[in-house]
Structures are given as C-alpha cells and as structure tokens.
Protein chains: 4
Amino acid sequence: MKEVKNQRDKYDKILQAATKVFAKKGFFASKVSEIAKEAGVADGTIYLYFENKDHILISIFEEKMQLVLDNMVKELSSEPGPIEKLKKFAQVHLKLIEGNKDMAELIQVELRQSSKFMKNYKNEKFLRYLDLIAEILKEGQEMGIFKREIIPGIFKRAFFGALDEMSRFWVLSTKKYYDINTAADQISSYFLKGICA
Amino acid sequence: MKEVKNQRDKYDKILQAATKVFAKKGFFASKVSEIAKEAGVADGTIYLYFENKDHILISIFEEKMQLVLDNMVKELSSEPGPIEKLKKFAQVHLKLIEGNKDMAELIQVELRQSSKFMKNYKNEKFLRYLDLIAEILKEGQEMGIFKREIIPGIFKRAFFGALDEMSRFWVLSTKKYYDINTAADQISSYFLKGICA
Amino acid sequence: MKEVKNQRDKYDKILQAATKVFAKKGFFASKVSEIAKEAGVADGTIYLYFENKDHILISIFEEKMQLVLDNMVKELSSEPGPIEKLKKFAQVHLKLIEGNKDMAELIQVELRQSSKFMKNYKNEKFLRYLDLIAEILKEGQEMGIFKREIIPGIFKRAFFGALDEMSRFWVLSTKKYYDINTAADQISSYFLKGICA
Amino acid sequence: MKEVKNQRDKYDKILQAATKVFAKKGFFASKVSEIAKEAGVADGTIYLYFENKDHILISIFEEKMQLVLDNMVKELSSEPGPIEKLKKFAQVHLKLIEGNKDMAELIQVELRQSSKFMKNYKNEKFLRYLDLIAEILKEGQEMGIFKREIIPGIFKRAFFGALDEMSRFWVLSTKKYYDINTAADQISSYFLKGICA
DNA sequence: TATGAATGAGAATTCATTCAT
DNA sequence: CATGAATGAATTCTCATTCAT
C-alpha cells in the first residue's frame with residue numbers, strides 16, 4: 001500500500017514537473033534531464049514510468065484533460081438551461097486557464113503540434129470536451145431556445161476557438177488586460193445575443 | 001538587375017520550400033537539408049539568404065502575413081459597412097486557408113510556438129491582422145451599429161479564434177466536412193445576430 | 001544444511017539461466033535483468049551470488065568446462081590406445097555439442113571474446129582440455145604409433161579447431177546437414193589416415 | 001576526381017581505424033568516438049560514410065574478405081595440382097594472418113559474433129572462402145588423388161578450422177611459438193598423409 | 001537473504017552551421 | 001555566389017549496479 005502510493009507519487013511528480021517544463025520551454029526545447037531535475041529524480045527514473053519523452057506529453061494530456069472534462073461536466077450539470085450552461089462553460093474554461101497556466105499553455109500550444117509528431121495519437125479527450133459544447137447547443141435547439149440552423153460541428157469549434165484564443169492571449173502575455181469574468185461574459189454574450197445594437 | 005532578380009528568385013524558392021517542409025513536418029522535425037533539397041539548392045546556400053533556421057520561419061511569417069494583410073485590407077475596402085466587412089473578413093480568412101494549406105498550417109501551429117523559442121520575435125503582422133477586426137468593430141460602434149459595451153480587445157480575439165479553430169480543423173483533417181461559405185456565414189452570423197431564436 | 005543446499009540451488013539456477021540467455025543473445029546483448037527473470041529471482045539477487053556480469057560468464061566457463069573435462073577424461077580412460085582415444089575424443093566432443101547447444105554456443109562464440117574484455121581471465125580449463133589431445137598424441141608417439149615429427153602444440157589446435165569449426169556450423173545452423181557420428185569419424189580419419197587415396 | 005579520391009581516402013581511413021580499434025577492444029567495447037579519433041575525423045563524419053556502427057563491421061568484412069578471397073584464388077591458380085593447392089592454402093592463410101593481425105582477429109573473433117547481433121547479415125564472402133577448400137577436394141577426388149568418401153562439407157570446415165584455431169592462438173598470444181611455415185606444413189600434412197607412422 | 005525501485009554514467013546518433021574550394 | 005563535406009555539441013535512452021526495506 002505504501003509502495004503503491006510512492007510509485008503513484010513519483011509518477012505524479014514527474015508529470016507535474018514535465019507540465020511545468022514543457023509549458024515553459026515547449027516540448028522540443030525541453031530536455032528529459034530538466035524534467036528529471038525538476039521532479040527531483042534521476043534521468044533514468046523517468047523511463048521507469050514513461051516509455052519515452054513523447055509519452056510524457058501524451059500522459060499529461062490524458063490525465064489533465066480527464067480532470068478538466070470531469071470538472072466541466074460537474075459544473076454544467078448544476079445549471080438549469082442551455083443558456084446558463086453556455087455562460088458557465090465560458091466562465092469555467094477561462095477560470096481553469098487562469099488557475100493552471102502551465103497546463104493551459106501545454107494544451108494551447110503543444111496540443112496543436114501533437115498531431116504532427118505523434119501521428120497515431122488521437123486526442124479523444126479533447127474531442128469529448130468540444131462535444132460538451134455541441135450538446136449544450138443541441139439541447140437548446142430541441143427546446144426551441146437556439147436557432148435550428150446552427151450547425152453543431154461549426155458552433156462548437158467557433159465557441160471553443162473564441163475562448164481559446166482569448167486564453168492564449170493570457171497565457172502568452174505576462175500582464176492580464178481583462179478580467180476573467182468580463183471576458184467570459186462578453187464572449188458568451190457575443191454568441192448568445194450577437195453584437196448588433 | 002538580372003542578378004538581383006536571381007537572388008530574389010532563390011530567396012523566394014527557399015521560402016516556398018521551407019513553407020512546404022515546415023507545414024508537413026513541423027518546425028522542429030524539419031531539417032535544413034530537407035528545405036535545401038526541396039528548394040534545389042545546397043545546404044550552405046540557405047545560410048547566404050537566412051541567418052539561421054529560426055529566421056527562415058520568421059521570414060515566412062513576415063512575408064506571408066504581409067500578403068495576407070494586404071489582401072484583407074483590399075478586400076475589406078470594397079465593402080460598404082462594418083457588418084458587410086465582418087462577413088467579408090470571415091469569408092476571406094477561410095478562403096485563404098483553403099487555398100494555402102501549407103501556410104495556414106504554419107500560422108496555425110508554428111506561429112503559436114514561435115513565442116517560445118524565438119524569444120525576441122514580436123509578431124507584429126499578426127497583431128496588425130487582429131486589429132483589422134477591432135477596427136471594423138470600432139467603426140460599427142461609432143456608427144451606432146454595434147453595441148458600445150463590446151470590448152475590441154476581447155472581440156477581435158474571440159472572432160479570430162472562432163475562425164481559426166474552424167480552419168485548424170480543416171487543416172488537420174483530411175476530409176472537409178463543411179463548405180467554406182457555410183462555415184464563414186455561420187460564424188459571422190453567430191457574432192452578428194447571436195444564436196438565440 | 002538446507003540453506004546451503006538452497007543457496008547452491010539458486011546459484012545453479014542463475015548459471016543455467018545465464019547460459020541460456022547468453023547463448024541466445026550473446027554476452028553483450030544480454031541484460032542482467034533478463035537472466036534474473038529467466039532464473040526467477042530478483043535482479044539484485046544475482047549480485048549476492050556473482051560479483052558482476054563478467055563473472056557470471058567466467059563462472060559458466062569454470063563450472064561447465066570442469067564437467068566437460070571430467071567427462072572427457074572418463075570417456076578416454078576406457079579406450080585401449082591412442083588411436084581409439086582420438087576417435088573417441090571426436091565422438092565425445094561433437095556429441096557434447098549436440099546435447100548442450102547453449103553451452104556449446106557460449107564456448108564457441110563468447111569464450112573467444114572473453115580474452116578481450118576480461119583482461120585477467122586465463123581460461124585454464126580450456127587449455128587443459130586442449131592438452132588432453134596433446135597427451136593422446138604424445139602417448140602415441142612414445143608407442144611408435146604416431147609420427148615423431150608431429151608437434152603437439154600445433155596438433156592439438158588443429159584437431160580441436162577441426163572439430164570446433166564443425167560444431168560451430170551446427171550451432172549456428174538451424175538444420176543439421178551431417179550426422180554426428182559421420183562427422184566425428186570423418187574428421188578423426190582425416191587426421192589418422194590422411195585424405196590421400 | 002580529386003574529391004572522389006578524398007572521399008575514398010576517408011572511407012578507407014575510417015575502415016582502417018575501425019579495424020584497429022575493433023581488433024584491440026572487440027566490437028562492443030569499441031566506441032565510435034574512438035574510431036573517429038583513430039581515423040582523425042569528427043564523430044559525425046563516420047556517419048557520412050557508414051549507416052551505423054554495425055555497418056562499419058560489415059563493411060570491414062566485405063572489403064577485407066574480398067581481398068583475401070581474390071588473393072587466395074590468385075595464389076592457388078598457379079599451383080599444378082590439388083595437393084599443392086591444399087598446401088598452398090594453408091601457407092597463404094597463415095601468412096595472411098601474420099601480416100594482418102588486426103583483420104585476422106576481427107574475422108576470428110567478431111565474425112563469430114556477427115550472426116548474433118546482425119541477424120540478417122549473411123557472410124557470403126566467408127562461405128565462398130570455405131568453398132575454395134571444397135573445390136580443391138573435389139578436384140582431387142575427380143582426379144582420383146583424394147579418397148572418394150571424404151565429404152566436402154565436412155572437410156572444408158575441418159581444414160579451415162584447423163588453420164583457424166592455429167591462427168587464433170597466434171592472434172591472441174603475444175609471443176609466437178611456432179614458425180608459420182612449419183605450422184602450415186604440419187597442418188596440411190596431417191590432412192594429406194595422416195598422423196600415423 | 002531477497003527484493004526491485006532508483007540511480008547516473010555512458011554511448012550512439014543527429015543535424016544546424018561552417019568554410020575551403 | 002554556390003557548394004556540400006566536415007564538424008562536434010547536444011540529447012535521448014539503456015542498463016549494470018546499489019541499497020533501503
């Protein structure tokens with residue numbers, strides 16, 4: 001029991017260290033030895049827990065995206081209707097970014113590269129996350145709240161993209177120009193009510 | 001005069017080759033020798049035109065983004081009002097992606113990394129491109145067409161992000177699910193009219 | 001007493017496992033952890049019985065060559081004269097190979113390397129084995145059966161080499177072209193009677 | 001022309017250096033950087049001429065065995081009959097060893113390992129060399145000089161093995177106990193006339 | 001004794017960049 | 001200007017060995 005705990009601890013410690021290092025320098029510029037140092041383990045120890053450098057990145061996505069996903073599902077469930085859910089999605093997403101800059105940066109920047117160098121890695125968790133948006137839309141359409149002609153496959157990307165670009169700006173900036181809540185409310189309002197006067 | 005032309009030719013040939021190679025493999029996985037081969041020049045020749053590998057990428061952004069920028073400005077200028085301009089922006093942006101997959105992929109994926117490994121490179125052209133959106137908004141606000149409370153710094157990112165995520169989907173997919181015009185119209189309509197019934 | 005027996009058991013088990021693994025992959029390509037796994041012990045346990053990886057190989061030679069040596073001495077002792085002894089040597093040597101492919105391969109291939117990487121290891125057992133041949137020769141020369149001008153130091157190597165190359169062929173081939181007895185008889189006959197008609 | 005010469009020179013220089021280093025330390029214990037240093041080139045230069053470390057060894061075999069083969073064929077061709085050819089083979093083989101200790105050691109020791117780590121490398125040149133012996137035998141058998149019952153596949157290995165074990169002794173010893181000619185004559189005489197008085 | 005997680009020195013290989021031609 | 005052979009620093013990953021439990 002104690003040993004199992006220790007192993008899991010070390011696994012987590014490495015993952016956390018890798019998240020930090022990758023976020024700071026990017027995947028390619030990060031050295032395994034840096035991750036090891038950051039995690040306080042020997043270089044070789046990394047390879048007891050991960051097949052190779054690529055798989056560290058993959059594991060980060062898998063683990064973190066699952067948490068993000070679970071959290072979002074939980075948060076949305078307490079909202080009464082589609083409109084509130086969409087607002088909540090924006091709030092929660094941007095809030096999450098603020099609290100996990102390292103992870104956010106990874107998902108922002110490195111995730112996008114992943115399809116290049118990790119040919120066979122399908123980011124299912126991320127697709128599931130996107131689908132949460134589509135489901136909100138569909139629910140609203142069935143209730144007659146949202147226009148029927150909105151195409152879910154387009155909408156989910158547009159809505160996510162809007163939030164994502166916003167958070168990318170925060171992640172890459174050192175200073176924060178806008179308040180999280182303001183930004184979240186603005187963005188969900190663009191989509192809900194449009195920008196026309 | 002002829003030599004100058006030849007030099008410019010070779011510079012362009014290398015840039016074009018690099019765009020293709022970077023888009024296919026990503027910046028880090030691309031080798032200078034591959035670019036040289038694709039361009040039909042010797043490895044060493046690359047260094048007569050570019051300081052180093054990083055600067056090839058930077059030059060691509062500079063050159064291509066200028067074209068993109070000029071094109072967008074020209075296209076927007078023929079539109080009568082802010083609403084039409086915003087629709088046009090979406091149309092032109094997505095159309096551009098379709099016609100320049102390599103470049104689109106570069107801007108999508110590698111641009112995001114650039115701030116990591118090229119510390120002092122400020123992507124001014126890209127920021128200028130974003131500002132085109134902000135200017136359309138401001139114009140509309142001044143005319144009373146768009147709501148006053150929309151914050152340009154947030155809006156420009158949300159609008160661009162929505163288009164960008166959509167095109168990322170296309171760039172990375174092999175198959176194209178949605179028609180360009182449909183997507184452009186949907187997205188601009190989300191922002192202009194909202195999605196509520 | 002029981003513990004001593006157990007210790008010896010484990011020692012033997014490791015040695016047997018190492019013989020198998022070394023034979024299959026060669027000394028350098030074999031991993032200590034593979035030997036441990038094959039022997040059913042923990043990696044660290046190996047080091048309770050052997051100083052290091054090199055000494056496992058050395059121990060195999062020592063132990064196995066002693067058995068080979070004892071067996072050969074016993075088998076030769078029942079032969080009446082030098083001619084019969086030489087024939088017997090060939091028979092026994094090749095038969096041994098057939099029954100102990102793993103060990104044979106080790107002696108064939110790895111023994112030859114040993115002098116390289118294990119600077120101070122003198123393979124005394126092997127030299128003793130070679131000398132059995134020289135002794136048969138000398139016995140025959142004293143009895144006037146073998147030519148006086150045959151130099152034992154050359155003969156023992158030539159005879160052993162002939163058998164050894166033959167068995168190397170078997171060890172490395174998957175299929176066996178020639179019958180053991182045929183080969184043994186042919187080879188001893190070359191040396192005893194020459195090949196001339 | 002000059003460049004081609006230079007490239008070939010460097011290729012040869014690396015091969016020669018590798019032969020020396022491999023012979024001294026064995027394939028596995030030899031480091032690519034040592035070979036580079038011995039050859040007077042940078043580590044990376046090795047990889048302009050050879051795919052990897054394995055292929056350096058393979059190339060040595062290919063190149064050297066071809067020379068050995070050509071030389072032996074030439075030497076044998078000037079001999080009148082099978083008996084003289086067999087004597088000559090022994091002479092030339094042992095002489096060759098004496099003049100090329102490094103190469104001899106490689107072929108002796110490392111060749112035997114090659115089937116282990118270079119699974120798909122078939123040592124065709126070596127098999128051809130062995131067949132030269134079989135051909136001498138067959139020629140003699142057709143002329144009625146050698147006994148019909150001698151099996152070429154066994155004989156060639158026995159004869160080669162006898163010479164090979166002898167030369168292995170020389171290669172590994174620092175001092176030389178026997179004269180080359182004496183050894184060659186003794187060995188060929190064992191096979192030709194037998195050792196019985 | 002036995003374990004096996006952890007260590008970290010070490011090695012092959014890559015590739016951006018240089019420079020003699 | 002153009003070349004491309006040569007360089008060598010840098011990095012991932014392996015595995016014999018140790019030692020706390």
Side-chain angles (χ1 to χ4, degrees), chain A residues 2-4 6-7 9-11 14 28-37 39-56, chain B residues 3-4 6-7 10 28-37 39-56, chain C residues 3-4 6-7 10 28-37 39-56, chain D residues 2-4 6-7 9-11 14 28-37 39-56:
Chain A
K2 184 154 163 286
E3 275 166 9
V4 170
N6 282 345
Q7 283 179 222
D9 276 0
K10 202 154 281 180
Y11 176 87
I14 294 168
F28 284 101
S30 298
K31 307 306 156 202
V32 172
S33 61
E34 286 177 284
I35 297 169
K37 200 174 174 185
V41 299
D43 292 19
T45 305
I46 301 272
Y47 292 88
L48 296 177
Y49 294 89
F50 301 92
E51 209 170 305
N52 54 37
K53 197 183 160 191
D54 285 8
H55 276 76
I56 303 176
Chain B
E3 275 167 5
V4 171
N6 284 344
Q7 283 176 223
K10 200 158 282 183
F28 283 99
S30 298
K31 293 162 205 162
V32 172
S33 62
E34 284 178 286
I35 297 170
K37 200 176 171 187
V41 300
D43 293 16
T45 306
I46 301 271
Y47 290 86
L48 297 175
Y49 293 88
F50 299 92
E51 206 176 322
N52 55 35
K53 195 184 165 189
D54 286 7
H55 277 76
I56 303 175
Chain C
E3 275 169 8
V4 171
N6 283 346
Q7 283 177 222
K10 200 157 281 184
F28 283 99
S30 297
K31 292 162 205 162
V32 172
S33 62
E34 284 178 287
I35 297 170
K37 198 177 174 187
V41 300
D43 293 17
T45 306
I46 302 270
Y47 290 87
L48 297 175
Y49 293 89
F50 300 92
E51 207 175 323
N52 55 34
K53 195 183 166 191
D54 286 7
H55 277 76
I56 304 175
Chain D
K2 185 154 163 286
E3 276 166 8
V4 171
N6 282 347
Q7 284 180 220
D9 277 0
K10 201 154 282 181
Y11 177 87
I14 293 168
F28 283 100
S30 297
K31 309 303 157 207
V32 171
S33 62
E34 286 177 282
I35 297 170
K37 201 174 176 186
V41 299
D43 292 18
T45 305
I46 303 271
Y47 292 87
L48 296 177
Y49 294 89
F50 301 92
E51 209 171 304
N52 54 35
K53 197 183 161 191
D54 285 8
H55 277 75
I56 304 176

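A, B, ... follow the sequence lines: proteins, then strands. Residue 1 opens every chain. Bear in mind that the values here come from a model prediction, so they are computed numbers and not experimental data.
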Verify the contact: side-chain N or O of [X] to OP1 or OP2 of [N], cut-off strictly under 4.0 Å; return yes or no.
{"X": "C:Lys10", "N": "E:dA2", "answer": "yes"}
{"X": "B:Tyr47", "N": "F:dT3", "answer": "no"}
{"X": "A:Tyr49", "N": "E:dA5", "answer": "no"}
{"X": "A:Thr45", "N": "E:dT7", "answer": "yes"}

> Between A:Tyr49 and A:Tyr11, what is the ring plane arrangement, given parallel below 30°, perpendicular above 60°, and tilted in between?
Replying inline: tilted

Roughly how many Å is it from [atom1] in [X] to [atom2] in [N], rounded to a whole number?
{"X": "D:Phe28", "N": "F:dC15", "atom1": "CZ", "atom2": "P", "value": "11 Å"}
{"X": "D:Phe50", "N": "F:dA6", "atom1": "CZ", "atom2": "C1'", "value": "15 Å"}
{"X": "A:Leu48", "N": "F:dC13", "atom1": "CG", "atom2": "C1'", "value": "12 Å"}
{"X": "B:Asp54", "N": "E:dA16", "atom1": "CG", "atom2": "P", "value": "11 Å"}
{"X": "A:His55", "N": "F:dT12", "atom1": "NE2", "atom2": "C1'", "value": "15 Å"}
{"X": "D:Glu34", "N": "E:dG10", "atom1": "CD", "atom2": "P", "value": "13 Å"}
{"X": "B:Ile46", "N": "E:dC19", "atom1": "CD1", "atom2": "P", "value": "18 Å"}
{"X": "C:Lys37", "N": "F:dC15", "atom1": "NZ", "atom2": "P", "value": "14 Å"}

>> Need to verify one output field. Residue with the more 5' nearest nucleotide on DNA chain F, D:Ala42 or C:Glu51?
In response: D:Ala42

> DNA chain F: A:Lys31 or B:Gly44, which has the more 5' nearest nucleotide?
Replying inline: B:Gly44

> Quick one: side-chain contact (heavy atoms from CB on, under 4.5 Å) partners of D:Lys37, sequence neighbours excluded?
Replying inline: none

> Which stems, defined as runs of 3 or more consecutive Watson-Crick or G-U wobble pairs with both pairing distances under 3.5 Å, involve DNA chain F?
Replying inline: E:2-21 with F:2-21

>> Going by the rule ring-ring contact (aromatic ring centres under 6.0 Å, His included), which residues pair with A:Tyr47 if we only count those two or more places apart in sequence or in a different chain?
In response: none

>> With nearest nucleotide decided by heavy atoms, which residue, D:Lys53 or C:Asp43, maps closer to the 5′ end of DNA chain E?
In response: C:Asp43

>> Pick the closest DNA chain E nucleotide for D:Ser33 and for B:Ser33 by heavy atoms, then say which residue is nearer the 5' end.
In response: D:Ser33

> Out of curiosity, D:Lys53 NZ to D:Lys31 NZ, how far, rounded to the nearest 0.5 Å?
Replying inline: 5.5 Å

>> How long is the straight-line distance from CD1 of B:Ile46 back to CD1 of B:Ile56, given to the nearest 0.5 Å?
In response: 5.0 Å

